[in-house]
Amino acid sequence: MEETINLKELLSTLKKRLVMIILIAITAALVSGVISYFYLTPIYQASTQLLINQKRENQTVNSGDIQVQANVQLINTYNVIIKSPAILDKVALKLGSDITSGQLNGAITVGQEANSQVVRISVRDTSAKRAAEIANTTAEVFQTEIVKIMNVDNVNILAKAVENNYPVEPNPIRNIAIALVIGLLLGVGLAFLLDYFDNTIKSEVDIEKELGLPVLGVIATIDEIKLEEMKERRAARKSTARSENIGI
C-alpha cells in the first residue's frame with residue numbers, strides 16, 4: 001500500500017516536536033556563542049596600498065591608455081613577487097622575530113584594487129600591531145627590492161597600514177545565526193526521523209495504514225472529569241425521581 005504524505009501530517013509532526021526543535025536550535029546557538037567569544041582566537045587584519053607605475057618613455061598622444069594597460073597587466077607579476085622568498089625572506093629578517101617566510105606567505109594576501117594600478121597588501125594575524133607591522137615592512141621591502149628585480153623605480157606607498165583593534169574573525173553574530181539555522185534544520189530532521197521510526201498506533205488512520213482494513217467503528221474516549229459529571233447528573237435525576245414518587 002502506497003504511503004502518501006500530506007501537509008497536515010507534516011505540520012502535526014512539527015507541532016508535536018516543537019519544544020525539542022526549539023531546544024536544539026537554542027543549544028546550538030549558545031554553544032556557537034560560547035565558542036566564538038571564549039575559545040576562538042581573534043584574528044586582526046591590516047592593509048597597505050601601493051601605486052606601481054613604470055616610466056613612460058617616448059610617449060605619444062595616444063600611448064597613455066596603452067601604458068596603463070601594460071601596468072595593469074604587470075600587477076599579477078608584482079603579486080607573485082611580493083609573496084616570493086626574494087621579498088619575504090628579507091621581511092622576516094627585518095622584523096627580527098621568530099616568524100618565517102612560509103608563515104608570512106600564509107598571512108599575506110595581495111590583490112589589485114578594482115582594475116587599477118594600485119596593489120593592496122593585507123595581513124591577518126592574532127596581533128593587530130604585528131599585522132600592521134608586517135604589512136608596512138612588506139611594502140617597504142618590495143619598494144626597495146623591485147628596483148633590482150624588474151628595474152622599476154616608481155613604486156609609491158599610498159597608505160600605510162594602521163592597527164585595527166576590531167577582529168575580522170571570528171564573527172560571533174554570524175556564527176550564532178548560522179548555528180541557529182543549522183540547529184533548526186537538525187531539530188526538524190530529528191523530529192521527522194523520530195516520527196518515521198515511531199510504530200505505535202495512535203488513531204484509526206494508523207490502523208488502516210498498518211492492516212490495510214477499513215475501520216468499522218470507534219470507541220470514543222471519555223474524559224475522567226466528564227465521566228464524573230455524568231454520574232453526578234444521573235444520581236441527581238434518580239434522587240429527583242424518588243422525591244417525586246414519595247410526594248405522590
Side-chain angles (χ1 to χ4, degrees), residues 1-47 106-107 109 111 122-128 131 164-244:
M1 182 178 180
E2 282 189 19
E3 293 187 6
T4 58
I5 300 175
N6 59 60
L7 185 59
K8 188 175 181 180
E9 289 180 354
L10 296 178
L11 293 176
S12 176
T13 300
L14 293 177
K15 184 178 180 181
K16 183 171 58 177
R17 310 281 185 182
L18 184 61
V19 175
M20 181 194 72
I21 294 171
I22 293 175
L23 286 176
I24 291 175
I26 292 175
T27 301
L30 287 175
V31 170
S32 176
V34 170
I35 292 174
S36 297
Y37 280 108
F38 299 106
Y39 290 96
L40 294 181
T41 303
I43 303 296
Y44 302 91
Q45 180 171 298
S47 300
T109 302
S122 299
V123 178
R124 289 193 173 193
D125 195 87
T126 54
S127 167
N164 181 10
N165 294 316
Y166 295 96
V168 293
E169 290 182 6
N171 187 333
I173 303 301
R174 181 190 61 192
N175 293 346
I176 290 173
I178 293 174
L180 185 63
V181 173
I182 292 175
L184 285 172
L185 293 176
L186 287 176
V188 171
L190 183 59
F192 286 128
L193 189 65
L194 291 174
D195 188 72
Y196 178 79
F197 287 106
D198 186 4
N199 295 323
T200 57
I201 295 175
K202 300 180 179 64
S203 65
E204 64 274 11
V205 177
D206 294 335
I207 295 175
E208 289 183 352
K209 287 183 177 180
E210 189 70 24
L211 302 178
L213 299 173
V215 177
L216 300 179
V218 178
I219 300 175
T221 303
I222 301 176
D223 188 84
E224 292 285 343
I225 298 176
K226 291 183 179 180
L227 185 61
E228 291 296 328
E229 290 177 354
M230 291 174 62
K231 288 181 179 179
E232 290 176 1
R233 287 198 295 269
R234 186 177 298 174
R237 285 198 297 269
K238 288 181 179 180
S239 177
T240 302
R242 288 198 195 96
S243 299
E244 290 176 352

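These values consider heavy atoms only, across backbone and side chains, with no hydrogens, waters or symmetry-generated copies.
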Original post:
Which atom names give the shortest non-hydrogen contact between Tyr166 and Tyr44, and what distance separates them?
Top reply: C-CD2, 4.0 Å
**OP:** Please assess Leu40 against Glu169 for the test side-chain contact (heavy atoms from CB on, under 4.5 Å), listing each intermediate value before the final yes or no.
**Re:** CA-CA 9 Å; Leu40 294 181; Glu169 290 182 6; over 6 Å; no
**OP:** Could you grab the distance from atom CG of Leu185 to atom CD1 of Ile24, nearest 0.5 Å is fine?
**Re:** 11.0 Å
**OP:** Grab the two heavy atoms, one from Asn175 and one from Ser36, that are nearest each other, plus how far apart they are.
**Re:** ND2-OG, 3.1 Å
**OP:** Kindly say whether Ala28 contributes a backbone atom to a donor-acceptor pair with the side chain of Ser32 at under 3.5 angstrom?
**Re:** no
Original post:
Do Asn171 and Ile173 come close enough that some side-chain heavy atom pair is under 4.5 Å?
Top reply: yes
**OP:** Taking all non-hydrogen atoms of both residues into account, name the closest pair between Leu180 and Ala29 and its distance.
**Re:** CD1-CB, 4.2 Å
Original post:
Are any non-hydrogen side-chain atoms of Ile43 and Asp125 less than 4.5 angstrom apart?
Top reply: no
Subject >> For Pro170 against Pro42, the heavy-atom pair lying closest together >> reply: CD-CA, 3.9 Å
**OP:** Decide yes or no for Arg124 and Thr109: does some side-chain heavy atom of the first lie under 4.5 Å from some side-chain heavy atom of the second?
**Re:** no
**OP:** Please round to the nearest 0.5 Å and tell me the distance separating atom CD1 of Ile22 and atom OG1 of Thr27.
**Re:** 11.5 Å
**OP:** Kindly indicate, with the supporting measurements, whether the criterion side-chain contact (heavy atoms from CB on, under 4.5 Å) is fulfilled by Leu190 and Met20.
**Re:** CA-CA 9 Å; Leu190 183 59; Met20 181 194 72; 3.9 Å; yes
Original post:
Can you check whether Arg17 reaches Val188 side chain to side chain, under 4.5 Å on heavy atoms?
Top reply: no
Original post:
Is Phe192 close to Thr13 at the side-chain level, that is, under 4.5 Å between some pair of heavy atoms?
Top reply: yes
Original post:
Rounded to the nearest 0.5 Å, how far apart are NZ of Lys16 and CG of Leu194?
Top reply: 9.0 Å
